[in-house]
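Data block below; observations after.
Throughout, numbering of the chain's residues begins at 1 and tracks the sequence. Only heavy atoms go into these numbers, but all of them, side chains included; no hydrogens, no water, no symmetry mates. Every number for a ligand or one of its atoms is a count from 1 in the order of the listing.
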Amino acid sequence: MLDKIVSEDVDFIVLRVGRMGEVLEAQKILVTGGAGFLGSYVCDVLNRLSASVVCVDDLSSGRLENIDHLLKSEKFVLIKADVSSFESNEKFDYVLHMASPAVPEDYQSRPVETMKVNSIGTLNMLELVRKSDAKMLFTSTSEVYGDAKILPTPETYWGNVNPIGVRSCYDEGKRFSEALIMAYVRQYSLDVRIVRIFNTFGPRMRADGMYGRVISRFVDQALSKMPITVYGTGRQTRSFCYVSDTITGMLLTLLSDKAKGEVINIGSPHETTILQLARLIKRMTNSNSRIVFKRLPQDDPRRRVPDIRKAKVLLGWRPLVKLEEGLRRTIEWFKLRGDA
Ligand code: UDP
């Protein structure tokens with residue numbers, strides 16, 4: 001569904017991408033994971049820019065309702081498939097490889113699939129890029145830094161990841177994808193750009209079951225007057241970036257000549273503790289939910305905040321939507337959707 005809030009976000013992204021976006025008109029673009037939270041925003045923006053989009057998604061965590069309005073467009077095709085086995089004889093101008101479980105509980109419940117999509121899936125996409133002579137964007141993650149010891153974390157930091165821990169299927173999976181991409185870049189001179197996305201939130205983020213992230217869960221809990229579940233003491237931090245800022249950063253990375261072959265952090269530089277976040281959401285929703293404390297999950301990073309100087313210099317990008325404004329939009333969207 002393309003509702004008013006998402007539609008305004010899409011307008012804002014298109015405005016910020018500006019004339020650079022014009023090169024995408026009539027281009028053939030493959031988006032893997034296009035039915036997910038971030039992927040569906042990308043599909044909406046590309047559709048608005050008159051690109052021809054093939055979306056590959058197995059709908060294991062992505063949702064049809066995120067893209068059902070696009071199915072009417074003759075410039076949009078959905079292929080329900082897993083990228084680990086997806087094959088195509090078509091040629092593409094751009095490949096945006098975004099498919100992967102990304103929610104800790106979700107990826108920990110299917111660690112083998114998570115590693116497959118980030119190894120065989122990425123290999124498949126790289127071969128397709130090579131055959132098509134396409135440009136590629138890969139969505140990596142702040143999780144490649146693990147429990148970072150350098151904060152704010154720059155792209156030059158190598159990471160502090162437990163290779164056999166419960167999060168390793170995702171962290172090491174993404175690290176393997178990055179290494180594989182760099183091998184293809186070195187050996188075959190492909191045009192690939194990597195974004196390391198830090199915590200992003202907004203409309204279309206799932207709140208249900210094992211798919212909920214901290215913000216969608218807290219909003220859902222606050223609106224439905226359920227206890228707000230803070231894990232651990234709540235002193236761990238994250239830096240939350242509103243979806244329209246993240247998508248703008250991603251597309252500028254894809255389109256800017258200066259980003260070719262680069263790895264770029266995309267995220268908010270403003271750190272918040274999880275307890276502060278819980279209190280803020282409780283206040284903004286006028287909720288009388290109690291805040292309760294639960295066990296901290298294993299290997300939960302203590303602090304996470306990006307150094308975004310590289311994105312500022314190379315892309316002229318920085319987040320523009322403040323946390324409270326992003327939360328206001330997200331809360332409104334959850335209320336209108338009647339999920340809670
Ligand atoms: N978290 C929490 N309560 C919840 C869900 C998450 O306190 O109901 C915490 C989680 O332990 C982590 C932070 O919020 O410290 C962010 O969690 P999320 O699942 O959104 O993603 P992560 O940044 O860990 O990948």
Side-chain angles (χ1 to χ4, degrees), residues 36-38 61 100-111 114 118 139-148 151-153 159-162 165-175 196-243 246 265-282 285 287 289-306 323 326-327 330 334 339-340:
F37 162 46
L38 297 182
S61 56
S100 174
V103 180
E105 268 189 61
D106 179 25
Y107 65 66
Q108 286 170 33
S109 76
R110 44 188 181 127
T114 304
N118 281 297
T139 49
S140 187
T141 168
S142 56
E143 296 245 357
V144 299
Y145 301 124
D147 195 14
L151 297 149
T153 311
N160 175 32
V161 171
N162 175 357
V166 289
R167 295 176 90 108
S168 69
C169 56
Y170 186 65
D171 304 0
E172 297 289 14
K174 289 286 187 183
R175 288 168 69 95
R196 290 186 180 147
I197 299 176
F198 284 64
N199 293 64
T200 296
F201 71 102
R204 293 187 177 161
M205 190 169 223
R206 291 179 74 157
D208 54 317
M210 65 172 74
Y211 302 105
R213 300 296 290 270
V214 67
I215 288 189
S216 49
R217 277 214 182 131
F218 285 1
V219 169
D220 187 40
Q221 289 165 341
L223 292 177
S224 54
K225 304 190 177 5
M226 300 290 285
I228 298 175
T229 53
V230 169
Y231 296 162
T233 59
R235 277 197 293 246
Q236 71 273 31
T237 73
R238 295 293 186 269
S239 311
F240 296 101
C241 194
Y242 186 64
V243 57
T246 298
N265 284 343
I266 298 292
S268 162
H270 302 293
E271 216 176 341
T272 310
T273 71
I274 297 303
L275 187 55
Q276 278 168 344
L277 178 75
R279 290 188 178 133
L280 180 60
I281 290 175
K282 184 171 146 79
T285 50
S287 173
S289 289
R290 280 183 314 126
I291 294 180
V292 297
F293 294 87
K294 302 257 182 196
R295 197 177 55 82
L296 187 71
Q298 222 178 316
D299 292 348
D300 198 278
R302 279 163 293 186
R303 285 180 66 190
R304 188 183 287 154
V305 57
L323 178 60
L327 284 176
T330 308
F334 269 86
D339 248 16

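- A donor-acceptor pair shorter than 3.5 Å can be found between the side chains of R304 and N199.
- Between K174 and E143, no side-chain nitrogen of the basic residue sits less than 4.0 Å from a carboxylate oxygen of the acidic one, so the salt-bridge criterion is not met.
- Side chain to side chain, T273 and Q236 fail the donor-acceptor criterion of an N or O pair below 3.5 Å.
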Which protein N or O atoms sit under 3.5 Å from any N or O of ligand 1? Give each pair with its distance.
| from | atom 1 | to | atom 2 | distance (Å) |
| --- | --- | --- | --- | --- |
| ligand 1 | 3 (N) | T229 | O | 2.6 |
| ligand 1 | 7 (O) | Y231 | N | 2.8 |
| ligand 1 | 8 (O) | T229 | O | 3.3 |
| ligand 1 | 8 (O) | T229 | OG1 | 3.0 |
| ligand 1 | 11 (O) | D300 | OD2 | 2.7 |
| ligand 1 | 15 (O) | Q236 | NE2 | 3.0 |
| ligand 1 | 15 (O) | R238 | NH2 | 3.3 |
| ligand 1 | 15 (O) | D300 | OD1 | 2.6 |
| ligand 1 | 15 (O) | D300 | OD2 | 3.3 |
| ligand 1 | 20 (O) | R213 | NE | 3.2 |
| ligand 1 | 20 (O) | V214 | N | 2.9 |
| ligand 1 | 21 (O) | R213 | NE | 3.3 |
| ligand 1 | 21 (O) | R213 | NH2 | 3.1 |
| ligand 1 | 23 (O) | N199 | ND2 | 2.8 |
| ligand 1 | 23 (O) | R238 | NE | 2.7 |
| ligand 1 | 23 (O) | R304 | NH1 | 2.8 |
| ligand 1 | 24 (O) | R167 | NH2 | 3.0 |
| ligand 1 | 24 (O) | R238 | NH2 | 3.2 |
| ligand 1 | 25 (O) | E143 | OE2 | 3.1 |
| ligand 1 | 25 (O) | R167 | NH2 | 3.1 |
| ligand 1 | 25 (O) | R213 | NH2 | 3.2 |

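- Between Y145 and F198, the ring planes are tilted. Angles from 30° to 60° get that label.
- Judged by distance alone, the side chains of T237 and E271 do bring a donor and an acceptor atom under 3.5 Å apart.
- A salt bridge (Lys or Arg N to Asp or Glu O under 4.0 Å) check over residues 223-238, counting only residues at least two apart or in different chains, returns the pairs R238-D300.
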